[in-house]
Amino acid sequence: MRLPRDRNDHRIVKAQLVGVDKTFENDGRSVQALSGLSLEVFKNEILCIVGPSGCGKTTAINVLAGFTSPTSGHCLLNGERIAGISPHCGVVFQQESVFPWMCVSKNIAYGLRFNGTPKGERDAIVQRYLTLVGLSDFAHSWPRDLSGGMRKRVDLARAYAANPELLLLDEPFGQLDVLTREEMQTLLLDVWACENKTMLCVTHDPEEAIFLGQRVAVMSPRPGAIVDTFPIPFPMPRDPALKCSPEFQELRRELLSALNRARHNSKAPRTFPCD
Ligand SMILES: Nc1ncnc2c1ncn2[C@@H]1O[C@H](COP(=O)(O)OP(=O)(O)OP(=O)(O)O)[C@@H](O)[C@H]1O
Ligand SMILES: [Mg+2]
């Protein structure tokens with residue numbers, strides 16, 4: 001399939017992981033999570049990473065966000081080394097992370113307060129994101145009074161409102177039911193269409209990766225490395241009906257085969273509970 005010409009043709013590299021290894025040492029036990037992981041994220045693109053559970057996807061996000069440092073290798077944002085927590089990266093975590101002690105609008109305003117955005121400007125930005133994620137009527141609600149899907153929208157709005165250069169999403173919809181998940185995928189693409197942010201989205205669901213991504217990178221089982229990258233040729237905006245098309249299903253099959261190939265070529269040592 002031929003890639004459509006779009007803004008990604010410029011291929012400006014926004015963020016990069018360069019030969020990243022990460023080994024955790026805990027209680028005399030060492031776990032190698034990443035091995036020589038290299039990846040480029042282009043400006044304004046949505047790049048999805050798929051990989052099996054435990055292959056190091058969250059670790060890769062944490063290294064890129066500066067939450068943990070690589071054992072070797074390095075990460076770049078706009079060509080500059082990431083050292084320590086990067087104020088230019090926004091993260092939507094795998095677990096729900098709205099602050100239960102703040103109402104919806106305070107949650108969304110969190111990053112803006114943190115970076116000293118004046119109140120008038122802050123209120124306008126919060127209002128814009130409340131509208132974008134469809135929560136205008138819930139600005140003063142408490143998280144406990146929202147559904148899981150609504151709380152995820154707050155997570156997304158909070159990350160976006162802080163205006164990060166790079167948005168990192170770690171299985172953002174993994175805990176949602178199928179219908180809410182589909183709704184959130186569409187919402188994510190809608191918000192992206194308005195804002196054009198560079199996004200790196202981790203998922204273990206090949207269908208979600210193809211629906212959201214302009215490229216999909218495949219990770220091997222632990223220790224994780226990128227073993228394949230697929231360009232996704234479907235133009236934006238995308239409709240959920242796309243998932244039923246033969247082209248989409250064909251790509252899904254190819255991606256599943258790549259994941260299976262990665263599993264069988266894995267360098268990971270096999271461990272058994274009785275070892
Ligand atoms: N802080 C830590 N200390 C020790 N080991 C860790 C730590 N964080 C992650 N690991 C290990 O690193 C490996 C990769 O973990 P990671 O959470 O990155 O995987 P993942 O691909 O995100 O998995 P999942 O799809 O289940 O979320 C796992 O074996 C995990 O046990
Ligand atoms: Mg994870």
Side-chain angles (χ1 to χ4, degrees), residues 15 17-39 41 46-75 82 84-86 89-97 148 151-152 155-156 159 166-176 178 181 184-185 188 199-213 215-229 255-256 258-275:
L17 292 120
V18 185
V20 168
D21 290 350
K22 178 70 189 179
T23 301
F24 293 101
E25 309 278 354
N26 278 337
D27 305 324
R29 191 166 171 262
S30 130
V31 175
Q32 189 180 11
L34 302 174
S35 168
L37 190 148
S38 291
L39 184 67
V41 190
I46 306 180
L47 171 63
C48 289
I49 298 184
V50 276
S53 183
C55 73
K57 301 183 294 298
T58 297
T59 305
I61 293 260
N62 285 341
V63 169
L64 202 45
F67 296 151
T68 184
S69 43
T71 309
S72 60
H74 61 271
C75 298
I82 295 174
I85 296 177
S86 168
C89 292
V91 184
V92 175
F93 296 96
Q94 192 164 1
Q95 299 85 3
E96 211 170 76
S97 61
R151 283 194 291 269
K152 258 298 155 206
D155 262 351
L156 197 61
L166 174 67
L167 189 59
L168 304 167
L169 303 117
D170 188 3
E171 304 208 24
F173 314 134
Q175 292 170 4
L176 302 176
V178 175
R181 193 178 173 138
M184 287 301 299
Q185 290 168 351
L188 185 89
M199 290 197 213
L200 178 64
C201 179
V202 154
T203 174
H204 57 248
D205 177 359
E207 184 173 286
E208 180 166 89
I210 298 171
F211 184 65
L212 295 178
R215 288 189 303 139
V216 176
V218 178
M219 258 173 101
S220 64
R222 188 177 69 76
I226 302 298
V227 290
D228 229 329
T229 308
L255 194 50
L256 280 171
L259 277 163
N260 276 322
R261 275 198 305 278
R263 181 173 303 154
H264 293 122
N265 294 334
S266 168
K267 292 181 282 180
R270 295 192 62 145
T271 50
F272 298 94
C274 51
D275 276 354

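Remember, predicted model here, so these are calculated numbers, not experimental data. Order of listing sets the numbers, starting from 1, for every ligand and every atom in it.
Coordination check, Thr58 versus the Mg ion (ligand 2): passed, since an N/O/S atom of the residue sits under 2.8 Å. Distances from the Mg ion (ligand 2) show that Thr59 has no N/O/S atom below 2.8 Å.
Donor-acceptor pairing under 3.5 Å is recorded for the side chains of Ser72 and Asp21.
Considering both main-chain and side-chain atoms, Val31 never comes within under 3.5 Å of ligand 1 through any nitrogen or oxygen pair. Considering backbone and side-chain atoms together, Lys57 places an N or O closer than 3.5 Å to an N or O of ligand 1. In terms of polar-atom proximity, defined here as any N/O pair under 3.5 Å, Ala33 makes no such contact with ligand 1.
Nearest to atom 27 (O) of ligand 1 among the protein's heavy atoms is Gln94 NE2, 2.9 Å. Among all non-hydrogen protein atoms, the one lying nearest atom 15 (O) of ligand 1 is Thr59 OG1, 3.8 Å.
Close contacts between ligand 1 and Glu171 involve ligand atoms 25 (O), 27 (O) [criterion: under 4.0 Å to a heavy atom]. Atoms of ligand 1 lying under 4.0 Å from any heavy atom of Gly56, numbered from 1 in the order shown and given with element: 14 (C), 16 (P), 18 (O), 19 (O), 20 (P), 21 (O).
Here Leu188 contributes atom CG and Cys201 contributes atom SG; the two are 6.5 Å apart, rounded to the nearest 0.5 Å.
Closer than 4.0 Å to atom 31 (O) of ligand 1 lies none of the heavy atoms of the protein. Of the protein's heavy atoms, at least one falls inside 4.0 Å of atom 9 (C) of ligand 1.
Judged by distance alone, with hydrogens and angles left aside, the side-chain atoms of Ser38 form a donor-acceptor pair with the main-chain N or O of Gly19 at under 3.5 Å.
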